[in-house]
Number of protein chains: 2
Amino acid sequence: MPKLVANDIAIALKKRISLGEWMENGRMPPERDLASEFGVARNTVRRAVGLLEDDGTVVRHVGRGTFLTAANPASMAATVARMEGTSPADMMEIRQLLEPAAASFAATNASAGELNAVREAHKIACASQDMPTFEHWDAEFHHRIFACSRNDFLKEIHNLMRILRNQRPWFEMKKRSFSEERRATYCSEHQVVLDALLARDSEGASNAMLTHLRTVERNLLGR
Amino acid sequence: MPKLVANDIAIALKKRISLGEWMENGRMPPERDLASEFGVARNTVRRAVGLLEDDGTVVRHVGRGTFLTAANPASMAATVARMEGTSPADMMEIRQLLEPAAASFAATNASAGELNAVREAHKIACASQDMPTFEHWDAEFHHRIFACSRNDFLKEIHNLMRILRNQRPWFEMKKRSFSEERRATYCSEHQVVLDALLARDSEGASNAMLTHLRTVERNLLGR
DNA sequence: TTTATCTGATCCAATAATGAACCATTCATA
DNA sequence: TATGAATGGTTCATTATTGGATCAGATAAA
């Protein structure tokens, strides 16, 4: 039985909360009740509820109970939740704003070691034999360019985009759009970006990145 | 049955991962289960999973299990947490990338009503007498421009920036940098942006916004 | 033969879940 | 006001699950 049950219970509870359960009075059942309902020890339920508490879904009061937090529309969590619903088209538009800039920053700011890491990712991606490996090192190539942009906020935005790209709508899209020919195209476009970075040519890097992203957008969205 | 079974298993696992398996909770089955599923010794599965780990596809924790790095629900929260620590300088750099683009989109995409809302925010900001009121309507002006950019992802990124700007380091900074003269400067610069929007001049809007953000950066960071 | 891989097995270390007891706070009610 | 029930907070010993590590033997490839 013990297989990260607490985690699963937390997920189940969040689902039920999001479906409106316990909304009338905003009060969740006592831990002891949940424990028997889930057929699990109270300590386990406590851990699960602790997770909800950590991400602000819920607050607990001794002697009173556990309560749903009032939905705060301005909260970070809500923003992130909405982000998960944005379209690939919108994100591609923003990537075309940010990534050329990141490449440009990288060309001027990156250390030799960082550029080496970029080159390494490129090499592995080009040599990869299966689609998932290519996917991973392709993403890593882009990520490492952001990593040497010397702008932490930019890096974190890219992190967000990377996470979102690993979710629902993107999966189907990437699967559909993958082909050996496109992989070759991406590799040669990455090479141009890499060469510009190594030459410390920030305008060249920016342009090469933009060209690449337009190709990606065309492949992904079929424009 | 000769060689590299581990490699084949690794590829099979990656394929299944890339098709979305184990995405809900981001947790792979225990090695012992995979071993029996693939009809192979655990050591072999360990090697295969070791390859995924080298890849960065997966992380392993003794006593807990093996987890996909991409689908980790905590990774989003961690990213956001790190964002809270990024510097105003870094964020201003990114604002100068995004907001001119947002203004440009708005100039072409906004409805008359939306532009009216922008004008309204501008008017109230200019008429405001105290710093908090001005702050609020200044932020609202920018926000409403993003709101008519017709790009949901861009809007949410701005939302994030807005939340971050209402936290510690920014607050002090804004207070320190505020003055009646600067308020007047901001109003006149906003006016230029607004005029360009109303004229549907996307390049003009973009340039005016960039000019304004450079002023803000200079005032905030003292460059 | 030599080398690399897979097998099957055993033990270790870290983490999770259980079940139980006891504490602290709140609240309704006697 | 005082009592007791309900509820979250804490701790502990025990058991189960899981990845980490190692080893001797079998098997296939160079």
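Bear in mind the structure is a predicted one, so any value in this text is a computation, not a measurement. So that the names make sense, note that chain A is the first sequence line, chain B the second, and so on, each numbered from 1.
Residue pairs meeting the salt bridge (charged side-chain N to carboxylate O under 4.0 Å, His left out) criterion with at least one member in residues 156-165 of chain A, sequence neighbours excluded: A:Glu140-A:Arg162, A:Glu156-B:Arg82. Applying the side chain to side chain donor-acceptor pair (under 3.5 Å) test to pairs two or more places apart or on separate chains, those with a residue in residues 192-203 of chain A are A:Gln191-A:Asp195. Within the structure, ring pair (Phe, Tyr, Trp, His ring centres under 6.0 Å) contacts touching residues 91-133 of chain A (residues at least two apart or in different chains) are A:His122-A:Phe141.
Every side chain to side chain donor-acceptor pair (under 3.5 Å) that A:Glu93 has, sequence neighbours left out, goes to B:Asn151. Annotation: side chain to side chain donor-acceptor pair (under 3.5 Å) contacts of A:Asp152 (sequence neighbours excluded): A:Lys155. For B:Arg42, the salt bridge (charged side-chain N to carboxylate O under 4.0 Å, His left out) criterion is met by B:Glu31, not counting sequence neighbours.
Remark: P of D:dT17 and CZ of B:Arg60 are 20 Å apart, rounded to the nearest angstrom. Here D:dA5 presents its P atom at 17 Å from CG of A:Asp33, a figure rounded to the nearest Å. Between B:Asp54 atom CG and D:dG20 atom C1' the separation is 15 Å, expressed in whole Å. Atom CD1 of B:Ile9 is separated from atom P of C:dT5 by 14 Å (rounded to the nearest Å). In this structure, the CZ atom of B:Phe38 is 19 Å from the C1' atom of C:dG8, given to the nearest Å. Rounded to whole Å, atom P of D:dG8 lies 13 Å from atom CG of A:Leu52. Atom P of nucleotide C:dT15 and atom CZ of B:Arg27 are separated by 14 Å, given to the nearest angstrom. To the nearest angstrom, P of D:dG20 lies 13 Å from CG of B:Leu34.
A salt bridge links B:Glu37 with B:Arg16: the closest approach of a Lys/Arg side-chain nitrogen to an acidic carboxylate oxygen falls below 4.0 angstrom.
A sub-4.0 Å separation between OP1 or OP2 of D:dG8 and a side-chain N or O of A:Thr66 is present.
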Acceptor/donor pairs from residues 131-139 of chain B side chains to any protein atom, 3.5 angstrom cut, sequence neighbours excluded:
from     : atom 1 : to       : atom 2 : distance (Å)
B:Thr133 : OG1    : B:Asp130 : OD1    : 2.7
B:Thr133 : OG1    : B:Asp130 : OD2    : 3.0
B:Asp138 : OD1    : B:His190 : NE2    : 3.2

Practice prompt. Between protein and nucleotides 23-29 of chain C, map the contacts as a letter string: B base, S sugar-phosphate only, - none, heavy atoms under 4.0 Å, written 5' to 3'.
Written response: -BBBS--
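Residues from residues 40-49 of chain B that place a heavy atom under 4.0 Å from any atom of DNA chain C, listed by number: B:Val40, B:Ala41, B:Asn43, B:Thr44, B:Arg47.
Residues A:Asn116 and A:Arg119 have side chains that bring a donor and an acceptor to within less than 3.5 angstrom of each other.
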